[in-house]
Structures are given as C-alpha cells and as structure tokens.
Amino acid sequence: MSGKGSVMVGLTRVQEEFLKILESFMHGKEYHFPEAFEEIEELYQMAGIHKMTAAVYEQIRNDVLLGRPEYAGLAGAFKNYTMRDVMMQMQRADGFLRIYQKICEAGVRPLVVKGIICRNLYEKSDYRVSGDEDILVRKEDFALCDEILVAEGFQREEPDTEHLPQEIPYINPQNGVYIEMHFDLFAEESGAYGHLNREFADAFETCISEVIQGQKIWTLSPTLHLFYLLCHSLKHFLHGGFGIRQVCDMVMMAEHYGADIDWEYIYGRLQELRMEGFWNGLAEIGRKYLGFSFEKAHYPVFLQKEHVNCDHLLLDLLDSGIFGDSTMERKHSSNITLAAAESGKKDTVASVKASLFPGKAYMEKGYPWIKKCPWLLPVAWGMRIVGYLKSKRKNSKEEPGGVEIGMSRVELLREYDIID
C-alpha cells in the first residue's frame, strides 16, 4: 500500500509531461512546457499510440508554434495530423447522429456506449477522437437495424447473420462512420470475462437519454456506464493491456455524473468480481495524475481511503497503447494473461502453452487459410513459432518478447488481486 504522499518511480520525463498535458486538457486548464523540454518527437509518438494526438496538440500548440521555432517541421506534422483527425471526427459524429436518428424514428432504441458519450464529457469533444461507435441492440431488433444501415450505404463486415455473433461491424465508405452493433457487451464464450454480461442484464430497463448536438441519444445509466467502462478496461487488461485514455474517460464520467452514480453498488459488485484492487489502482492514477476530483464525483469517504500502489499499473498502461497493441510482442502476450485469468491463478506451463499454441479463432487472424483448412492448424502453429524465434533473434538486444511480457503481466494480475 502507498499513502497519498508516495512518489512515483519509473516515469520518464516525456511520460510525466504527457500526463500533465492530458490533465490540463480534461479540465480546461492552460499548459506550458517546462524550460528546456526538447523531447517533442517522443511526445508526438506517445500521443499517437494512445490516440490522443489532437488533444495533446491542442494543449501545446502555442508553445510549439510560437516558442519553439526549431521544431517547426514536427509542429507542422502535429498540426496536420490534428486537423485531419478533428475534421474526420466531426464528419463521423455527424454521420453517426443522422443514422442513429433514422433508427430511432423506426421505433428502435439502441443504447450507445463509450464513443460519442465519452467524447461529449470533454469541453473540446472533437479533440478526444474515437474511430468507432458502439451500440447495444436487442436481438429482436437486429433485422430492422440491419435493413436501415444497409439502405443508408453501410457495408456489413460480418456477412453470416443466421447465428448472430456477439457483435457485427458496419462501415460507411462515404463518410467513414464505423459502427459495432453489439448483442452482448462481452464475448459470452470467454472464460475470463463472459460472465460480465450478467451485470448489464437490465441495461435497457434502466437506460437514460442524453442530448448531443440536438439529437437524443439513449445510453446506459450513469452507474452502469461507469461500471461498464471499468469492465471494458479489465477485458483489455486481460488481453494486451489498455491505454491512459480509458482512465481519462472514467475520471470525466465520474465527475460529470457525480451524485447520480451509486458508488456503493459499484464497489459491492467489484468486490464480488475481484475487481476492487484494479479499480483502486485506476482511481489512484486519476487522483495523482489526472486531477480526479473526489468532491465532483461524490466519491464516498470509505473509498477515498483505498490508496493502493498504482505505479506498476500506470507504467503498464502507458506502455500498452490504446488497446494493448503498441507492439506485436505485447499482442502475443495476451494469450498468457487470458489463460491465467480463465484459470484464476498463475500457471506457467499453461500460460506458455497458451502463448505458443493459441486456439483456432485467434490463429485465423494471422493465418486466414485456417478457416478453409482447419486441419492445418498445427502447421500454422509451427510457422508462428518459427516467426517468433526469428523475431526474437532480430530484436534480442534488450527488448522483452511476448512470453516475457505475458509473464510479467500475469504478476500484475496477481498484484491487483485479479488472480491468485
């Protein structure tokens, strides 16, 4: 345990400034670089892997453009990337709101989660970009929703709808709107987190509406939505990890809805699901680095005392990128952490086996021919292992491989009491 005055060890100067910039963006405060800060390029790269380039540039543009002429070239790249991101975000938001209105006019009320709901929490919402919109739909409403989307030019990326999967992606090539239609919030077949669907069984009965750009949007209740953001982050944590943006969203949602959030209910469920250590770590990151206001969030006194050591969790999420995909090694490590989460304990042999011999569904992503020739799965395993060994020799300097990352992240699961 670490008290309120604990000092974070291990953060680089760029990471420290990155967190300060995000905190200023979240709360509408001015930010200025400290003297002699020269790691602009590293900051640009970090903002990129966390999909916060526009937000970061908006906070630092005066310093970079006016006070740092030596970085004119990089500032131009920063600016161009931001302008493109913001313009595309505005276009996608407008396109999504129009198609959502058509669906609602047909008598269906899909629940919008994350995405535009989270962006609307920020003062400069278009600078908190997101690539897709997630909607939760009752299965009996699928046919009508699908008909409307296809008629409006959306292309369904999952052609087989006879047996509805957990989600179906749709893309509109005209305006770039990407929608994931969910029938469950989590993959039911997952032994690590499929059970979380039961936590949202009454999502439609307890939903609320918000008005965004003049359009009524139906979404989860404040309590369920914050709880969902936490569960969604845990899902990615059990894969390759998740980034700082998700913590920013949770802090913003907690402060925005404040008294409307039933904290005692949330914490009771977290304890039942062995997630309270995970949340306490995130809350501590929010408190120490992102300006999480307990007062605005109406955060209970008994929870304010739960200060856990958040150092290792923070370093992991800063390294992971937006959804744990900062490196291929980290992506490969997800099989190890998933195996540990499914068994509920650390099992080195099972974890390494899961990493070297993933299931058919996972292997199809890199070897699509397995779909037509499933009997060749062992061949794909062999190719994968050979590729891993070649990559390991090529990057053998000091960079950890997928197995090393996976095993260290299993220890992280144990540290926050997610597994034994």
Side-chain angles (χ1 to χ4, degrees), residues 50-52 110-122 128-137 165-169 178-204 206-207 219-254 256-257 261 265-267 269-270 272-283 285-286 290 313 316-317 320-325 330-331 334 337-338 341-342 409 412-413 416 418:
H50 286 275
K51 297 293 186 278
M52 293 295 275
L111 302 186
V112 181
V113 296
K114 302 190 287 107
I116 199 168
I117 301 296
C118 287
R119 290 201 306 276
N120 197 52
L121 300 171
Y122 296 80
R128 188 284 193 202
V129 301
S130 59
D132 63 359
E133 297 294 345
D134 296 273
I135 59 174
L136 181 63
V137 174
Q166 181 232 337
E167 64 183 49
I168 300 179
Y178 185 85
I179 296 174
E180 287 189 352
M181 184 187 298
H182 296 260
F183 306 103
D184 292 302
L185 291 173
F186 300 93
E188 189 66 34
E189 65 273 13
S190 171
Y193 47 78
H195 61 284
L196 293 176
N197 283 319
R198 260 69 80 204
E199 303 296 322
F200 304 92
D202 62 347
F204 286 94
T206 60
C207 69
T219 187
L220 299 172
S221 69
T223 297
L224 278 188
H225 212 152
L226 181 60
F227 187 47
Y228 169 64
L229 293 184
L230 178 56
C231 292
H232 180 73
S233 293
L234 177 71
K235 181 193 82 169
H236 286 288
F237 189 56
L238 298 180
H239 282 266
F242 66 99
I244 192 68
R245 193 178 76 182
Q246 284 89 314
V247 188
C248 295
D249 289 346
M250 282 183 260
V251 168
M252 295 296 287
M253 184 166 286
H256 178 79
Y257 287 107
I261 295 174
Y265 171 81
I266 289 178
Y267 206 69
R269 299 310 305 142
L270 293 177
E272 184 72 23
L273 296 165
R274 290 191 66 167
M275 291 169 59
E276 74 271 24
F278 179 61
W279 164 249
N280 288 337
L282 296 180
I285 291 172
L290 299 174
L313 180 59
D316 182 74
L317 65 88
S320 76
I322 187 68
F323 288 127
D325 57 2
R330 182 173 273 270
K331 286 183 179 180
S334 66
T337 45
L338 278 174
E342 289 178 353
R409 298 196 70 251
L412 203 57
L413 300 186
Y416 292 95
I418 296 171

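- Ring-plane geometry between F200 and F186 is classed as tilted, the angle between the planes lying from 30 to 60 degrees on a 0 to 90 degree scale.
- Judged by distance alone, the side chains of Y122 and D249 do bring a donor and an acceptor atom under 3.5 Å apart.
- Inter-residue side-chain proximity for P222 and M253 is flagged as unmet; no heavy-atom pair is nearer than 4.5 Å.
- Across all non-hydrogen atoms, the minimal contact from I117 to L121 is O-CG, 3.6 Å.
- The closest donor-acceptor contact from the side chain of E133 to the backbone of I116 lies under 3.5 Å.
- Between I168 and F183 there is a side-chain heavy-atom pair separated by less than 4.5 Å.
- Between the side chain of H225 and the main chain of K114, a donor-acceptor pair closer than 3.5 Å is present.
- Remark: the backbone N or O of D184 is paired with a side-chain donor or acceptor of Q166 at under 3.5 angstrom.
- Residues V251 and G286 come closest through the heavy atom pair CG2-CA, 4.0 Å.
- For the pair D134 (side chain) and M181 (backbone), a donor-acceptor distance under 3.5 Å is absent.
- Minimum interatomic distance between L226 and M250 (heavy atoms only, all atoms of both residues): CD1-O, 3.7 Å.
- The closest side-chain heavy-atom distance from E199 to C231 is not below 4.5 Å.
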For this session: For the pair L273 and L234, evaluate side-chain contact (heavy atoms from CB on, under 4.5 Å) and give the outcome as yes or no after the intermediate values.
Result: CA-CA 11 Å; L273 296 165; L234 177 71; over 6 Å; no
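- Side-chain contact check for L136 versus F204: some heavy-atom pair is nearer than 4.5 Å.
- Judged by distance alone, with hydrogens and angles left aside, the side-chain atoms of T206 form no donor-acceptor pair with the main-chain N or O of S221 at under 3.5 Å.
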For this session: Could you check R409 against D316 for side-chain contact (heavy atoms from CB on, under 4.5 Å), going step by step and ending with a plain yes or no?
Result: CA-CA 8 Å; R409 298 196 70 251; D316 182 74; 3.0 Å; yes
Solution key, residues 237-247 side-chain donor-acceptor pairs under 3.5 Å, sequence neighbours excluded:
from	atom 1	to	atom 2	distance (Å)
H239	NE2	Y193	OH	2.8
R245	NH1	V129	O	2.7
Q246	NE2	I322	O	3.0

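- Counting all heavy atoms, side chain and backbone alike, L413 lies closest to T337 at CD1-O, 3.9 Å.
- Across A187 and N197, no two heavy atoms sit closer than the pair C-ND2, 4.4 Å.
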